[in-house]
Amino acid sequence: MALKKLVAGNWKMHGLASDLAEVRLIAEAARGYSGVDVALCVPAILIERAARAVPDFAIGGQDVHHEPKGAHTGCTSAQMLLDAGAVLTIVGHSERREAQRESDAEVQSKAHAALECGLNVILCVGESLEVRESGRAVDTVLAQLDGSIPHEPTEEAELAIAYEPIWAIGTGKIPTTEEIGEMHAAIRGRLHERYGAAGSGVRILYGGSVKASNAGEIFAIADVDGALVGGASLKAADFIPIVAAAATVEG
Ligand code: 13P
């Protein structure tokens with residue numbers, strides 16, 4: 001049985017109070033697609049206002065600290081995200097793995113902290129262009145997965161994996177359908193090894209230059225259970241057609 005698709009937007013460092021109108025448009029339009037889960041991960045400072053603006057819609061964060069509280073200037077805990085109205089968070093995005101030098105172990109502790117609090121997690125993995133060209137993409141991503149996913153499946157909240165090849169993010173380039181299919185099948189295999197039957201229930205999203213024109217093809221690939229969308233999630237006019245594509249794909 002195919003899993004219900006999840007289409008999540010990652011607004012990265014975009015979004016001011018004036019963009020709440022767009023959040024409202026997206027939430028309103030998403031209501032027409034009950035067969036798809038839709039979420040927006042907005043900048044931390046916008047979470048509370050977004051969650052108040054669209055109370056029935058899933059608003060998320062983009063990162064979380066692994067400690068519940070303490071002397072961590074500029075950081076946000078899972079409890080704080082929940083308190084602000086978030087129901088999910090991204091962890092381990094490649095932009096943070098690179099710019100903030102986040103290790104697999106750190107990403108894993110962030111995922112644990114969020115899941116234990118009841119915050120759903122989208123955990124990102126993905127290879128560089130150099131790794132892809134060297135033929136080591138699958139091994140590299142599986143090693144990242146081994147190092148960063150929680151030891152055991154959690155009951156408190158949902159874990160999803162986002163496969164985001166770094167070279168496909170914001171570039172307009174995407175892997176072939178065979179490459180996406182191969183990677184998602186490998187991730188599914190690893191999830192089964194780690195979690196047994198529960199591995200079948202973990203949604204595996206694809207991310208990297210997803211837009212309306214390629215979404216249908218991507219969603220039709222086996223074990224693609226949704227998408228994590230950057231640039232094309234900022235405007236309802238770009239994002240909702242992606243949600244619509246997820247709704248029309250035969251599972
Ligand atoms: P783009 O959709 O802009 O390529 O970004 C993908 C991404 O990084 C989502 O987390």
Side-chain angles (χ1 to χ4, degrees), residues 5-15 19 22-23 26 36-44 46-47 50 58-64 81 86-100 102 107 110-111 114 119-129 131-132 137 140-141 144-145 148-149 159-177 179-180 183-184 187 203-219 221 224-246:
K5 290 203 172 13
L6 167 63
V7 179
N10 174 8
W11 273 23
K12 307 190 180 184
M13 202 171 71
H14 298 279
D19 296 302
E22 211 61 41
V23 173
I26 288 170
V36 181
D37 288 329
V38 185
L40 279 184
C41 296
V42 299
L46 205 60
I47 290 174
I59 294 293
Q62 301 172 4
D63 179 47
V64 67
L81 290 179
V87 296
L88 76 154
T89 187
I90 296 168
V91 298
H93 193 282
S94 59
E95 286 154 15
R96 294 197 60 86
R97 286 179 183 264
E98 285 190 340
Q100 272 73 35
E102 286 185 8
V107 173
K110 287 174 180 224
L119 201 56
N120 298 324
V121 164
I122 298 176
L123 190 155
C124 303
V125 291
E127 83 285 358
S128 65
L129 184 59
V131 167
R132 167 61 64 184
T140 301
V141 166
Q144 266 181 349
L145 207 61
S148 46
I149 62 171
L159 171 72
I161 306 298
Y163 166 54
E164 297 206 310
I166 296 167
W167 51 276
I169 295 176
T171 59
K173 294 182 192 151
I174 60 164
T176 63
T177 52
E179 285 168 338
I180 296 174
M183 188 64 81
H184 280 237
I187 293 172
R203 291 190 277 200
I204 309 173
L205 317 182
Y206 168 79
S209 295
V210 176
K211 39 186 191 280
S213 58
N214 59 24
E217 201 181 341
I218 293 170
F219 290 140
I221 302 169
V224 174
D225 308 309
L228 184 56
V229 184
S233 70
L234 295 173
K235 298 280 174 210
D238 297 323
F239 191 49
I240 292 304
I242 298 173
V243 176

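As a basis for the values below, the full set of heavy atoms in this structure was taken, side chains included, without hydrogen atoms, waters or symmetry mates. For clarity, every value in this text was computed on a predicted model and none was experimentally measured. Start at 1 and go down the list; that is how both ligands and their atoms are numbered.
Partner Arg96 forms a side chain to side chain contact (heavy atoms under 4.5 Å, CB included) with one of Ile90, Val107, Val91, Asp63 and no other, that one being Asp63.
Note: Leu6 CG to Ile122 CD1 = 5.0 Å, rounded to the nearest 0.5 Å. In this structure, the separation between CG on Leu205 and CZ on Phe219 is 8.5 Å, given to the nearest 0.5 Å.
Closer than 4.0 angstrom to ligand 1 by heavy atom are Asn10, Lys12, His93, Glu164, Ala168, Ile169, Gly170, Gly208, Ser209, Leu228, Val229, Gly230, Gly231, sorted by chain and number.
A side chain to side chain donor-acceptor pair (under 3.5 Å) check over residues 207-217, counting only residues at least two apart or in different chains, returns nothing.
Every residue two or more places apart in sequence or in another chain that forms a salt bridge (Lys or Arg N to Asp or Glu O under 4.0 Å) with Arg97 is listed here: Asp104.
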Please list, one pair per line, the donor and acceptor atoms closer than 3.5 Å that link side chains of residues 225-244 to other protein atoms, with sequence neighbours excluded.
unit_1, atom_1, unit_2, atom_2, d
Asp225, OD2, Arg188, NH2, 2.7
Asp225, OD2, Ile204, N, 2.9
Ser233, OG, Val229, O, 3.2
Ser233, OG, Gly230, O, 2.7

